[in-house]
Engineer: 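The structure is given below, and queries will be raised subsequently.
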Amino acid sequence: MQDTSRVLLLSELCLQYRLSNPDSAMGFGQQALQLARQIDYTKGEVDALGNIGFVMREIGNLPNALKLEFKAYQLAQANGDFYEMGRIRNIIGNIYLDLKDFDTALTYYQQARQNHTLVRNQIGLAITESNIGSTYEQMNQLDSAWTYEYRAYQNVLRLNLINNLPYVLRILGNIQTKWGDLGLAMTYYQKSKQVAVKENNLRNVAFANMAIARLYSRKNQLDSCLYHAKISLEESQQGSYKRGVLMASTLLAETYQYVNDREALRYYKLAAETKDYLYGEANFQAIRSIAFDEQERQRDLESAQLKYQHQVRQYTLLISLAILLVIALILWRNNLQKQKANALLFQQKVKISQQSDQLALLMQELHHRVKNNFAIVASLLNLQSHGLKDEKAIQAMRAGQQRIEAMSLIHQRLYMTDQLTSVNMEEYLTDLATGLMQAYGYHSANFELVFTIEHKQLDVDAAMPLGLIGNELITNSLKHAYGNVPQPWLGIGLFWDKSDLVLEVHDNGSGLDLINWGKNGSRISFGKQLIGSLSNQLGARVEVRQQGGARFRIYVPGTSLKNAQIPFPAQSILV
């Protein structure tokens, strides 16, 4: 039937056949694209364009591959399809990896990780982390490469991603080769080849033979090297995998130069032709032009968004001023008898209209009122808890009250200072931790608080979620960590680790079960959900370790922070 299911099926056939028969893959992809456009099915069109671009990349047509992927990304972005945006960004990263533009490749891979995490696409996340590992392997950053690739290997096995397994095994073998463990490397390469042969995965069979040939060349076993390199070349030519042809012909030429000049020359010519096809100047010019057009489109889109936001702010200000005017008119009409008050109000309005810091005064008043409203809500929760008998309900009320007080403290800091958009985190975290310590029955005489604050001023947009995360982690330690600890202490830090701002909460309690803590089961505490949600909001990652107790670290990328300042040496404060 001519419906959406058929579009997706044809597109998936395109994706699967790229590994064994690119010609068939292109045929299925074109059918999917034509049908999707015929029935006006945008998601199917995005899927088909992305898969056709993937096939183009496999056969070495990088300019057209990049052009199709950017077209697919534009459609996905316009429809807010984060699933497809993540998948397409991963493929674009692959294209830049082929071009050895590692920084750009990693940028797209990290953006893809964010999209996959947002929609909880575990398969996409596993594939993207494998590509990140491959990038680090080619950059010779082997520790990072192994971390990402081995984690991807475990997830590929768990998710039964058989088509991706040969690639992951081959990258693990490459890392072991560079580490000098040639025996283990050969084990990975042979396993990669076995799985690829079993699945009729022609592309990965060719690449596995290539890896084995290189390993034999490294061991100076030239006959075995030539044997596997020729097989790799034949399979790459059969599947039109230009990158495989280039690698195999280059290795054959380099090997034959020691034994047969004529054969060496023949393979050098093939390598040169293939290299020009893949990476010739015309291709680079086309790719640069396509990338420039996409950058211009993104800049135009960002400019339009900024213009829209500016208009919204203007309309909001006008509406706010109109509301203030209506309120003033009502007060004036209802309180004519208070002439002195009206005169004072008029003078204040004239003064405010003449002052350049009108917006600052309004913002300060807003923070004050928000703080008061939070205080009222916290008081209501406190009163409500007195009528409860269920201990769990009382604890939930108390936790809610503490979270509200943590947010209230931010607004109190804002309205009590001239800094209306930034918070002194040293003072805030000190007040927050001291208040929580006292609320849970600890005192400075029998409890040690240690603060290591390197980054003091923080924009309110980052301070609010970090403050709430800090409240959850400090509360967790105070509630659960110190059952049998004679001299409890709690360390709270805010410091820089390279380009990441790190919030650390570290106790000397009995620790926690890292395995159970890391599981994403159906019954997840609200606090843990809140930490995860706020960390995603900041683009941060969470690290949990056992280190003389539980140590939590929240790594916030510096690029996520507004007005980030150059870090200065940390100061330790004992409370």
Side-chain angles (χ1 to χ4, degrees), residues 13-29 51-52 54-62 65 94-95 97-98 130-131 134 138 161-174 177 185-219 221-256 260 263-264 266-279:
L13 286 169
C14 169
L15 180 66
Q16 297 301 326
Y17 268 103
R18 84 186 193 282
L19 300 170
S20 58
N21 192 327
D23 290 338
S24 296
M26 289 296 296
F28 285 120
N51 289 342
I52 294 172
F54 207 168
V55 178
M56 287 286 189
R57 178 247 175 179
E58 295 290 5
I59 63 177
N61 193 338
L62 300 185
N94 290 342
I95 295 171
L97 182 60
D98 292 343
S130 174
N131 290 332
S134 176
Q138 294 185 49
L161 304 178
I162 300 300
N163 282 337
N164 300 96
L165 183 56
Y167 177 83
V168 175
L169 289 166
R170 192 171 72 253
I171 302 305
L172 292 175
N174 290 346
T177 297
M186 181 62 79
T187 300
Y188 280 121
Y189 291 151
Q190 293 289 2
K191 182 63 176 176
S192 173
K193 180 178 178 180
Q194 291 171 9
V195 177
V197 169
K198 182 178 179 181
E199 297 299 320
N200 192 29
N201 190 329
L202 182 63
R203 172 188 178 276
N204 280 312
V205 172
F207 279 65
N209 275 303
M210 186 65 227
I212 293 170
R214 282 176 171 169
L215 194 59
Y216 278 125
S217 176
R218 184 185 178 109
K219 297 165 69 175
Q221 298 180 18
L222 300 186
D223 289 341
S224 296
C225 170
L226 292 172
Y227 173 76
H228 286 282
K230 288 179 180 179
I231 294 177
S232 177
L233 177 60
E234 180 181 350
E235 291 160 339
S236 297
Q237 289 176 324
Q238 180 182 344
S240 300
Y241 302 121
K242 294 295 184 181
R243 288 187 298 121
V245 172
L246 176 59
M247 289 187 293
S249 58
T250 300
L251 181 59
L252 285 167
E254 292 172 350
T255 306
Y256 267 119
N260 190 323
E263 286 294 292
R266 181 166 70 91
Y267 286 118
Y268 269 125
K269 288 181 179 180
L270 177 59
E273 292 172 358
T274 309
K275 185 175 181 180
D276 184 66
Y277 176 87
L278 284 169
Y279 308 120

Engineer: Which heavy-atom pair separates A25 from V55 by the least distance, and what is that distance?
Structural biologist: CB-CG2, 3.8 Å

Engineer: Could you state the interatomic distance from CG (N163) to OG (S20), rounded to the nearest 0.5 Å?
Structural biologist: 9.0 Å

Engineer: Kindly say whether N174 contributes a backbone atom to a donor-acceptor pair with the side chain of Y189 at under 3.5 angstrom?
Structural biologist: yes

Engineer: If I compare all heavy atoms of N61 with all of Y277, which pair ends up nearest, and what's the gap?
Structural biologist: CB-OH, 4.3 Å

Engineer: Mind checking the OG-CD1 spacing from S134 to I171? Nearest 0.5 Å is all I need.
Structural biologist: 3.5 Å

Engineer: Mind checking what makes side chain to side chain contact (heavy atoms under 4.5 Å, CB included) contact with K219, not counting sequence neighbours?
Structural biologist: L182, L215, Q221

Engineer: Can you measure from SG (C14) to CE (M26) and round to the nearest 0.5 angstrom?
Structural biologist: 7.0 Å

Engineer: Suppose the criterion is salt bridge (charged side-chain N to carboxylate O under 4.0 Å, His left out): which pairs have a residue in residues 242-255, not counting sequence neighbours?
Structural biologist: E58-R243, D98-R243

Engineer: Shortest non-hydrogen contact from L169 to V195?
Structural biologist: CD1-CG2, 4.5 Å

Engineer: Quick one: are L252 and L270 in side-chain contact, heavy atoms under 4.5 Å?
Structural biologist: no

Engineer: Is there a donor-acceptor pair closer than 3.5 Å between any side-chain N or O of R18 and the backbone N or O of L15?
Structural biologist: yes

Engineer: Can you tell me if E263 has over 12 outside heavy atoms packed within less than 6.0 Å of its CD?
Structural biologist: yes

Engineer: Could you tell me which non-hydrogen atom of L251 sits nearest to which non-hydrogen atom of A213, and how far apart they are?
Structural biologist: CD2-CB, 3.7 Å

Engineer: Quick one, Q16 with F28, criterion side chain to side chain contact (heavy atoms under 4.5 Å, CB included). Give me CA distance, side-chain angles, the key distance, then yes/no.
Structural biologist: CA-CA 10 Å; Q16 297 301 326; F28 285 120; over 6 Å; no

Engineer: Between OH of Y267 and CG of N260, what distance do you get to the nearest 0.5 Å?
Structural biologist: 9.5 Å

Engineer: Kindly compute the distance separating OG1 (T187) from CG (L172), expressed to the nearest 0.5 Å.
Structural biologist: 12.0 Å

Engineer: Any chance you could measure R218, atom CZ, to T177, atom OG1, to the nearest 0.5 Å?
Structural biologist: 6.5 Å

Engineer: Please list every donor-acceptor pair under 3.5 Å in which a side-chain atom of residues 223-232 meets a protein atom from a residue at least two apart or in another chain.
Structural biologist:
from	atom 1	to	atom 2	distance (Å)
H228	ND1	N209	OD1	3.1
K230	NZ	Y256	OH	2.7
S232	OG	A206	O	2.8

